[in-house]
K.L.:
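Below you will find the structure I want to go over with you.
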Amino acid sequence: MANKYREYQGLNLPAMEQEQLAQWTDELSFEKSVTIRDGATPFVFYEGPPSANGMPGIHHVISRTLKDLVCRYKTMQGFQVKRKGGWDTHGLPIELGVEKELGITKEDIGKKITVEEYNQKCREAVLRYKDKWDDITRKMGYWVDLNDPYITFKNEYIETLWWLLSELYKKGLLYESVSIQPYSPAAGTGLSSHELNQPGTYKDVKDTSAVAMFKAVQNDKSQFLFDASNGEELFYMAWTTTPWTLPSNLGLTVGPNIDYVLVKTFNPYLHNAVNVVLAKPLLGKFFKPEGENGDFDGYTADTKLLPWKVVTEFKGSQLEGLQYEQLLPYEANSLTAIHEITPGAEPFRIMADSFVTTEDGTGIVHTAPAFGADDYKVGKKYNIGILTLVDKQGKFLEGLGEFSSRYVKNYKDDANYVDVNVDIAVKLKKENRAFKVEKYEHNYPHCWRTDKPILYYPLEAWFIKTSAIKERMVEMNKTINWKPKSTGEGRFGNWLENMVDWNLSRSRFWGTPLPIWKSVDSDGKYIDEKEGGEQICIATIAQLNEEIKKANEVLGGDVNKNYLHEGILDLHKPYVDDIILVSPTGKPMKRVPDLIDVWFDSGAMPYAQWGLDYEKLKAGDPKPFKNNFDGAFPADFICEGVDQTRGWFYTLHAIASLVFDSVAYKNVVSNGLVLDKNGNKMSKRLGNVVDPFTTIEKYGADATRWYLITNASPWDNLKFDIEGIKEVQRKFFGTLYNTYQFFGLYANVDGFSFKEAYVPVKDRPEIDQWILSSLNSLVKKVTTAMDDYEPTQAGRLIEDFVDEHLSNWYVRLCRRRFWKGEYEHDKICAYQTLYECLETIVRLIAPTAPFFSDTVFRNLNAVSQRFTEESVHHVLYPVADEAVINQALEDRMQLAQDASSLILSLRKKVNIKVRQPLQKVLIPVLSATMKQHLQQVEDIIKSEVNVKEIEYLSDTDGFISKKIKPNFVALGKKLGAKMKAVSTALSQFGQNDITQFEKEGKYSLLIDNEHVILQINEVDISSEDIPGWTVANKGSLTVALDINITPELEQEGNAREFVNRIQKIRKDNNFDLTDRVIVKVSGAGALQTSLTLFKEYICAEVLADELELEAEINGGTDIEVNDISFKTIVLKKEG
RNA sequence: UAACCUGUAGCUCAAUGGUUAGAGCAGGAACCUUAUACGUUCAAGGUUAACAGUUCAAAUCUGUUCAGGUUAACCA
């Protein structure tokens, strides 16, 4: 137990933090903060795993500060908050990093380097910067369990993923299907969206585009069109920039609400009369206004201006279901061929869907389901079948006449390549099937490796049928508390509404393998389920090992010979791919080549971080995870960047909903980005990345954390400016530190250790009651904000309190109480009050400023021993004492602060120093209550502004001029439209009108010949002027200052000036606070009267035993008081 | 292209639909201080991104546009 409060030479946050950090490590403070809550209600937190193959940045500090402060806060509220760390270790960035390091590309894998070696490299690379991450975690004060993190590449982790996948498989929610994906025929591989988003992949290119004419079939449904065309043949016009997709056309899509027209005109190439259908808003793209209702009879091949006329108009929905003749019929795309692929398909029909726009083209979309995701979707809905008449090399199949086997784009850099798209367009022209053919420049994606245009192509992929439980996911999302709300309702909510099945498949090497084995034929090709293929989804390592043995027994030979003894030791490629299993009917099975989306890894962390419990599994427990899982699902709280909305936030939600019909988290905070101070995104390229290590070393973690939290709401983007941290350091921590230093300085002198009995608040001076009332109000407000996950509000409230109330009002007004007088009642009250404020503040800020708060807490507690806990992070969060809150008192003090500030501003205006006492202040009072309130704080105002008396003016004195204005809130609802007239009427009120209104309590106005009765509480009356005086006002408070300086006042002022000079000398000579002195003065001249008159006062102030006026002194200091110069000597009395 | 977020003083942020749009910082001027860190006061700084609408009343609500950002990508 210390008997002195620790004092510092100056505020050095980084040094303080290092010391505190060492202490935490020694004492295992974090571990204790968890264990001391054993048996308490758990507050469940999930750590979103970062990837440790890159350096941590300042943007990681903000989300981790948020996580940390919530966890610390909840711990202080008595919850037990376990925090298991984790690492995300799979994924493309890791692969790309390794490839860069080794100078290889994906094609080299399996050639220059084995998959085994490659994956070994990845495994080594993933935790490359783990040390740096651990370091920043410690230095920023993020309390998370780093000793036992979950790691997504570990077998136990992957095994849990497998088990989850097998559950989905059992429920029929995991299925294989084609999906239309970006595909590079030149590279022979599918591309991920990430690869498609590499810079430079989208290029402006010129392609042959064609407006094709699809001939309408006449039947009952289309009769209305044929009626309009007088029975002539008519065509639906559709535009494409990829004519090679036309042979695969199976439908046309229109917008149901778009207006379409049937136009009579001529074919611009063949010059025969035609009737065409297109969207009305796009008429202008094809027809000139001058040609409307032009000369049809006189039209010849040489006529430049195409005559046209609208024959009829209708909605897109009227076209739905109409049929047309196939555009380019061949053997390969015959109805028979279509039915072979999709039995029962009904192609060549018009469909309606909202994706159609009238931005360009014709408003009728040529639909080839194989080559567009939208096409595929709408085609499936209408069951028009699917044709993939292009192979994986990018060339047409056989059976397409003159186009057979031709490349649809120049994928081989063939110098003699003839563009098949042009030939198709020419053919259409000749056959009266093209209305317009032209080169069209557009932005089209290219393969980043081969620079060749990609195409959208149907590829096999494994999906999770999230759409099956869409409604349930939407419903459960509504129970989640999102911060900010809009992310949950807007971004996430809309995402759920438009949810499509989750494409799990990834063609990679380093990741979680999909545990599905399919039977293969003698060539090693997978057998489709329709052709009697079998498949199995493995759930656990044990099951796999059993199946390995079984396959060996059934199939014999060398099958799985390397895995028979110890079973499988690593669940990654290439080992899993070695393994051959056996189907129920005795056929060999091979694993499908896919890895799964890394987002599944992290989305499964609530379960996989613990791993499977084999006993529970055997017992058939629906949640067979290790015991730590119990009570740790779902999470109470998670927090990550807003970029995780469709990432981790989604996958957590999806897996929990699918497998357990539960939410995965109850509260989620999504924080915004950290931008540089100019609002640009931080990137290595721009060199504007802020290194969190230097920032923390230089300014301290607490200042950084406090800045990040209080500067802007966490979900707003933050423009990071180091100046902001400096300001926080100076203003907030500086002020708090000074308050502590001030307290320590005097408490050490007086030996205050809180050993006296707690003085009941009601027995303390009013100013103590006031600061304690404010303190408790603060506790209440801060708790509300923290409970609402609004740390920014909480922080700002605390800042205001520390700065405005505690430091600049309470301490300033009370300074004397700490250094004057004996150690008795009033002084003890002051110490107890200030101590309580400091102690409460450090507990309030502990979640956000963990270092500084703990240091100060320990310094205080070392002397007082008020808490048995050794750290502020182990004590409970303050709870407001309602009995101490006195709103009226707080209001009064506000009045005193306002009045003082007004009076000081008047002093400034007339240039009279505060040290010069003045006689009187005039304050007009509008009611007895107002007068009473002011009287209660009169002494404070008087001493603060150095004025002898306050005179209250009531309206009976006839001194005040009053103003009246409507109380808009109260009157607005009552009056509505008459508001303006009433406002005008009130502004014209004279003093007599106001007096009458006040006397009667109501007033009748004639507005638009109607009587309107106003009540006195529906208007605001204020005094803004005292005729003949200089006044200042704020709200309803007005003050006037008597600026007459009488000789007496002047002498007192001189005395105070003199005291000030002596104090400065004391300070310059480094005298102790308690040193007694003797003061000698010579040549005081005109000041002599003052010094004699106020001798007692001066001596008391400067702790002088003697004040001697001498004719002549040797040496001494030259000083000046109000233009009078003289000499003085201040001597310390020894002993 | 869409969904979502943001736009207020030179900068960072406030302002339950209610009438002089406020703080802090920076820059200018002065004052105060036995906490030497600050603080107080004054002056200056605004078409609340733009336009339209709703309303007695709009920074706030509704549209449209512009700019910045995030995410996702279907361009026929």
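Proteins come first, then strands; the chains are lettered A, B, ... in the order of their sequence lines, and each starts at number 1. No hydrogens, no waters, no symmetry mates; every other heavy atom, side chains included, goes into these values.
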K.L.:
Report the distance from atom CD1 of A:Ile725 to atom CH2 of A:Trp706, rounding to the nearest 0.5 Å.
P.N.:
14.5 Å
K.L.:
Between B:U65 and B:C4, how far is it from one P atom to the other, in whole Å?
P.N.:
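It works out to 14 Å between them.
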K.L.:
Quick check for you: among B:G18, B:G39, B:U6, whose closest atom lies nearest to any side-chain atom of A:Met979?
P.N.:
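Selected nucleotide (nearest to the side chain): B:G18.
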K.L.:
Taking the six-membered ring of A:Tyr699 (Phe, Tyr or Trp), confirm whether the NZ or CZ of A:Lys726 is under 6.0 Å from its centre and within 45° of its axis.
P.N.:
no
K.L.:
Paired stems touching RNA chain B, three or more consecutive Watson-Crick or G-U pairs with both distances under 3.5 Å?
P.N.:
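Stems found: B:1-7 with B:66-72, B:10-13 with B:22-25, B:28-31 with B:39-42, B:49-53 with B:61-65.
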K.L.:
When you measure from the side-chain N and O atoms of A:Asn711 to the phosphate of B:C13, is any distance below 4.0 Å, counting only OP1 and OP2?
P.N.:
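So the side chain of A:Asn711 is within the cut-off, an N or O lying under 4.0 Å from OP1 or OP2 of B:C13.
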K.L.:
Using the ring centroid of each side chain, check whether A:Phe720 and A:His59 are separated by less than 6.0 Å.
P.N.:
no
K.L.:
Verify the contact: side-chain N or O of A:Lys731 to OP1 or OP2 of B:G39, cut-off strictly under 4.0 Å; return yes or no.
P.N.:
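Indeed, a polar side-chain atom of A:Lys731 lies that close.
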K.L.:
May I ask you to evaluate whether A:Arg730 reaches the phosphate of B:A37, defined as a side-chain N or O under 4.0 Å from OP1 or OP2?
P.N.:
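No, no such contact exists.
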K.L.:
Indicate whether any N or O donor in one side chain lies under 3.5 Å from an N or O acceptor in the other, for A:Thr710 and A:Thr792.
P.N.:
no
K.L.:
Is A:Ser209 side chain donor-acceptor paired with the B:A76 base, going by distance under 3.5 Å alone?
P.N.:
no
K.L.:
Would one find a side-chain N or O of A:Arg796 under 4.0 angstrom from OP1 or OP2 of B:A14?
P.N.:
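Affirmative; the distance criterion is met.
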K.L.:
Closest to the A:Phe968 side chain: B:U19, B:G24, B:A35?
P.N.:
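The listed nucleotide nearest to A:Phe968's side chain is B:U19.
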K.L.:
Using only side-chain N and O atoms of A:Thr735, determine if any of them is under 4.0 Å from OP1 or OP2 of B:C38.
P.N.:
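Answer is no, no contact under 4.0 Å.
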K.L.:
Who passes side-chain contact (heavy atoms from CB on, under 4.5 Å) against A:Ser209, sequence neighbours left out?
P.N.:
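Counting only residues at least two positions away or on another chain, A:Ser209 forms a side-chain contact (heavy atoms from CB on, under 4.5 Å) with A:Trp239, A:Thr241, A:Glu438, A:Tyr440.
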K.L.:
Round to a whole Å and report the spacing from CG of A:Asp721 to P of B:A26.
P.N.:
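Those two atoms, CG and P, are 12 Å apart.
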K.L.:
Nearest whole angstrom, please: distance from the P of B:U41 to the CG of A:Asp898.
P.N.:
10 Å
K.L.:
Considering only residues two or more places apart or on different chains, which pairs with a residue in residues 728-738 of chain A satisfy side-chain hydrogen bond (donor to acceptor under 3.5 Å, both in side chains)?
P.N.:
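As it turns out, the side-chain hydrogen bond (donor to acceptor under 3.5 Å, both in side chains) pairs with a partner in residues 728-738 of chain A, which skip direct neighbours, are A:Tyr737-A:Gln741.
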